[in-house]
Q: 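Please find one structure pasted underneath; my questions will follow.
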Amino acid sequence: MVIILKKDAQAESIRRLEESLKVKGISANHIEGANQNIIGLVGDTSGIDVENLLAQDCVENVRRVQEPFKKSNRKFHPDDTVIPVRNTVIGNGSLQVIAGPCSVESEEQIITTAIACKEAGATMLRGGAFKPRTSPYSFQGLGGEGIKLLVKAREETGLPIVTEIMNGADLDLFADVDVIQVGARNMQNFELLKALGKCDKPILLKRGLANTMEELLMSAEYIMAGGNMKVILCERGIRTFETMTRNTLDISAVPLLKEKSHLPICVDPSHATGIVSLIEPLSLASVVAGADALEIEVHNDPKSALSDGGQQLTPAKFAEVMAKIKDIAAYLGRHLGK
Ligand code: PEP
Ligand code: MN
């Protein structure tokens, strides 16, 4: 980190600034320029509050030269992180396809859908039990009961289960869940992230609707700072000025996050645009871009779905999409599952 000093910076103010940095174990190297004096900081600057530095009398500007995310940064951990999930793994070069309904609605619905997803080649089952809905009057999910139904569907199909948590106080209800999802709306619910940092389950962390990649990595950092290194990043589309799609899939996030971080990356092409016909091309594009996993919404009867009916694939359509996904994965020398 580099501090650019004001032209009229007082020696006493600079001395106080240096003292405050020294207490944090950071030393200051002065560089006197013809027009500007700067201080180069040496030490772990990840805990430094840039806003606080900017508030000091003598400081004109502050530049970070290192990224603020450490534990998720590939620079400090060059090897890909491989995360075990029950009898399989995410991040070893294979491709996982997490499929299932937006919401768990009934035993029949989740079991029928899970069997169809498995037959088509899905490797994990998704289903929302706690639903983050824009309207409080919309279906809010079956809660703990929904998780029990997912467990039944796992017993039936052997597919590991992925479901969203909205409140850290519910963590006990997730004891039987294989991967805990943090939804886009909770990406910066820092208390929830801290609670998940203390558990030892894989976390599927979705990018917020209007969050940068750096903010996504900083949220991963919250979980990892608590000791849980099993974080899977998920690109699910961001808000842009475009109105023809629900969100805009930021496909560049896949290779860029893989460059910046060692964590596996998943793409959700369903929430990314909300348009059924785009799920196939965007799934294929995501595999080509290097995604470790896809998360796709599939419902046994989308027309009667209690949430996101318009964007869920029928099992028949999902089977078609899966056939193409398998072809493209094979072309790239990748295989499905473990
Ligand atoms: C979901 O996957 O069920 C969901 C609500 O997605 P997102 O948080 O990405 O909107
Ligand atoms: Mn949904």
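Just so you know, ligand 1 is whichever comes first in the structure, and atom 1 is the first atom listed for that ligand.
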Q: Would you say the side-chain atoms of Asp49 and Asn52 include a donor-acceptor pair closer than 3.5 Å?
A: no
Q: Could you check whether any side-chain N or O of Lys230 sits under 3.5 Å from a backbone N or O of Ile203, counting only pairs where one atom can act as donor and the other as acceptor?
A: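 It does not hold such a pair.
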Q: Give the atom numbers and elements of ligand 1 that come within less than 4.0 Å of a heavy atom of Arg236.
A: 7 (P), 9 (O), 10 (O)
Q: If we check side chain to side chain contact (heavy atoms under 4.5 Å, CB included) with Glu295, which of these qualifies: Arg236, Met124, Arg126?
A: Arg126
Q: Number the atoms of ligand 1 from 1 as they appear, then name those within less than 4.0 Å of a heavy atom of Lys131, with their elements.
A: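 Listed by number with element, the hits are 3 (O).
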Q: Are any side-chain N or O atoms of Asp268 and backbone N or O atoms of His271, one a donor and one an acceptor, separated by less than 3.5 Å?
A: yes
Q: Is there a salt bridge (charged side-chain N to carboxylate O under 4.0 Å, His left out) between Asp176 and Lys148 once you walk through the steps?
A: CA-CA 9 Å; Asp176 279 339; Lys148 287 188 190 143; over 6 Å; no
Q: Report the protein N/O/S neighbours of the Mn ion (ligand 2) that fall below 2.8 Å; do not count waters.
A: Cys102 SG, His271 NE2, Glu297 OE2, Asp308 OD2
Q: Within the 4.0 Å heavy-atom shell around Gly183, which atoms of ligand 1 are there?
A: 8 (O)
Q: Any idea which of Glu297, Glu295, His271 brings a heavy atom closest to atom 4 (C) of ligand 1?
A: His271
Q: Assess whether salt bridge (charged side-chain N to carboxylate O under 4.0 Å, His left out) is satisfied between Asp308 and Arg246, documenting all intermediate values.
A: CA-CA 11 Å; Asp308 282 349; Arg246 185 172 172 182; 3.1 Å; yes
Q: For residues Thr248 and Glu242, is any side-chain donor paired with an opposing acceptor at under 3.5 Å?
A: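 On atom types as modelled, these side chains do not qualify, holding no pair under 3.5 Å.
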Q: Could you find the nearest protein heavy atom to atom 3 (O) of ligand 1 and give me its residue, atom name and distance?
A: Arg126 NH2, 2.8 Å
Q: Got the closest protein heavy atom to atom 5 (C) of ligand 1, with its distance?
A: Glu164 OE1, 3.7 Å
Q: Any side-chain heavy atom of Glu215 within less than 4.5 Å of one from Met187?
A: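 In contact.
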Q: Identify, for atom 8 (O) of ligand 1, the protein heavy atom at the shortest distance, and state residue, atom and that distance.
A: Ala184 N, 2.7 Å
Q: Kindly say whether Ile180 contributes a backbone atom to a donor-acceptor pair with the side chain of Glu164 at under 3.5 angstrom?
A: no
Q: Tell me, which protein residue and heavy-atom name are nearest atom 6 (O) of ligand 1, and how many Å apart are they?
A: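 Checked against all protein heavy atoms, atom 6 (O) of ligand 1 sits closest to Lys206 NZ, 2.9 Å.
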Q: Is there a heavy atom of Arg207 sitting under 4.0 angstrom from any atom of ligand 1?
A: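 Not so, Arg207 does not reach ligand 1.
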Q: For Arg16, is there an ion pair with Glu12 - N to carboxylate O distance below 4.0 angstrom?
A: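 Result for this pair is yes, salt bridge flagged.
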